[in-house]
2 protein chains.
Amino acid sequence: MQDSAQDSPEAIAALPVGKAAGARQNRSVRIVQRSLARAEPVFAQAGLAGATMASLAAATGLPRANLHYHFGTKENLYAQVLENILALWLDASDSIHPGAEPGTAFRAYIAAKLSYSRDRPFASKVFANEILHGAVHLRSYLGLELRRKVDEKAAVIEGWIAQGKMDRVDPRHLLFLLWAMTQTYADFDSQIAAVLGVPALGAEQFAAGQALIVQLVLRGCGIDPPSPKER
Amino acid sequence: MQDSAQDSPEAIAALPVGKAAGARQNRSVRIVQRSLARAEPVFAQAGLAGATMASLAAATGLPRANLHYHFGTKENLYAQVLENILALWLDASDSIHPGAEPGTAFRAYIAAKLSYSRDRPFASKVFANEILHGAVHLRSYLGLELRRKVDEKAAVIEGWIAQGKMDRVDPRHLLFLLWAMTQTYADFDSQIAAVLGVPALGAEQFAAGQALIVQLVLRGCGIDPPSPKER
DNA sequence: AAATAACTTGACCGAGCAGTCAGGTTTGGT
DNA sequence: ACCAAACCTGACTGCTCGGTCAAGTTATTT
């Protein structure tokens, strides 16, 4: 490890490499992928500092030394877990594109983000934990890729506003609030479950949350008309 | 520490106690209070596991052994920091009471929560971090005090709905979303700042966030009329 | 089937950790 | 002035941690 200049993603992926990189790599790749998936809950529940190599080894089913062989350091393992999650986050906003109607686009986006919260709660928590602690491991991601993505989506929303399809709102803050509302069902599930008096969040709670988020956003932005109730 | 049956809040506060509990206690109390305030940022940035007694000692200006004298264990110190924050959280919802109009009540609540996010970001982060990791240190608080508070506020909102002052929504989920939207400006400030390209969140960002949250909630719940723009 | 690279592992190591303690100092009561 | 009790602290301790390593085993190429 003293000879490696820097731990760039390439260098990490290339840790066990020789000249004959054939089918044997696949085995390693599979083990690495499985380990990353199994390490996710550990980092989610304990954080980077709280997760020990012993607990990670137990979760992955590999001996500690073997984890070090594949990933080098705990930080590297953590960085790769984090990297796996980022792709997910960037993809979620696909439904927000110029050709779409704002109503269907936001509905789809909210549904997609809530699906992640339901199906990959640990990924969401690892991400939330990282940002909570200052996002030191993904400063560049936030300032570059995510920022570009947000600029792109903000432009789409600006377009809808210009076309009179929705009220004038700050598109970036709208995205921040969408993230907050959808991720709260993953990140703060223990709080929501405790307050509701249920052991864990189920389909009902997600459905109720989704309905309310959609209502607040679509009516709040003047996309849907107000309730047919009165007036 | 072996003689103490359990670390109840009383037992913790009573750590350094004799028969003559007079004015000398005050000095200790002041030191403890100041230490709790200074420990907050450390726990916020590093989490419970990541915060070391050495870093806490440096932050409080006390020697490590002295911290142990006043608080016993790191967990006890953390628990007291957490407890200090809970009162804040319960008080924030004062504006939501039966006599109020929903519009002014929600406006005031959003303003109050965002004030906490701006002025006590570390408190918010410690709380968020605790819940993110399963809320093991405040299960009872969530299930009892907070749950009661939420039941109480939910009843108020139900009342407003019954009076036709706002649309029918799930009041509990509305509170969850209010928490999520207001706390995101404290807990995920590094993400928001990075995406916006600013070094740190300022008054502008909080104002923009507040305006949008108010708009989404009041129009989304049918309290405010839709924009006077078109239609 | 021999050679070689990839992979695995138990045992080991030094650093840093939370917590302890004996002995000193300050403080408030009398 | 004297005495406890409260408070303070440097030095110490046992342990857990991340990381290393040499000696294995397994798989693939030729």
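We name chains A, B, ... by the order of the sequence lines, and we start the count at 1 in each one.
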If you look only at pairs with a residue in [range], which of them pass as a salt bridge (charged side-chain N to carboxylate O under 4.0 Å, His left out), with sequence neighbours excluded?
{"range": "residues 134-157 of chain B", "answer": "B:Asp151-B:Arg172"}
{"range": "residues 192-203 of chain A", "answer": "none"}
{"range": "residues 121-138 of chain A", "answer": "A:Lys125-A:Asp189"}
{"range": "residues 59-69 of chain B", "answer": "none"}

Side-chain N or O of A:His70 less than 4.0 angstrom from OP1 or OP2 on C:dT8? yes
All N/O donor-acceptor pairs, side-chain side in residues 50-62 of chain A, below 3.5 Å, sequence neighbours left out:
| residue | atom | partner | partner atom | Å |
| --- | --- | --- | --- | --- |
| A:Thr52 | OG1 | A:Ser55 | N | 3.0 |
| A:Thr52 | OG1 | A:Ser55 | OG | 3.2 |
| A:Ser55 | OG | A:Thr52 | N | 3.2 |
| A:Ser55 | OG | A:Thr52 | O | 2.8 |
| A:Thr60 | OG1 | A:Leu56 | O | 3.0 |
| A:Thr60 | OG1 | A:Ala57 | O | 3.1 |
| A:Thr60 | OG1 | A:Leu62 | N | 3.4 |

For nucleotides 9-17 of chain C, give me every protein contact, N/O to N/O, under 3.5 Å, one pair per line with atom names.
| residue | atom | partner | partner atom | Å |
| --- | --- | --- | --- | --- |
| C:dT9 | OP2 | A:Asn66 | ND2 | 3.3 |

What distance do B:Asn76 atom CG and B:Leu67 atom CG have between them, rounded to the nearest 0.5 Å? 12.0 Å
Taking atom [atom2] of [N] as reference, at what distance in whole Å does atom [atom1] of [X] sit?
{"X": "A:Leu77", "N": "D:dG19", "atom1": "CG", "atom2": "P", "answer": "10 Å"}
{"X": "B:Phe71", "N": "D:dC8", "atom1": "CZ", "atom2": "P", "answer": "11 Å"}
{"X": "B:Leu56", "N": "C:dG19", "atom1": "CG", "atom2": "C1'", "answer": "14 Å"}
{"X": "B:His68", "N": "D:dC12", "atom1": "NE2", "atom2": "P", "answer": "17 Å"}

Using C1' atoms of five pairs at each end, report the bend of the helix from C:dA1-D:dT30 to C:dT30-D:dA1 rounded to 10 degrees. 20°
With B:His137 via ring-ring contact (aromatic ring centres under 6.0 Å, His included) - residues at least two apart: B:Tyr78
Holding to ring-ring contact (aromatic ring centres under 6.0 Å, His included), I want the full list of residues that pass it with A:Phe127, two or more places apart in sequence or in another chain. A:Trp89
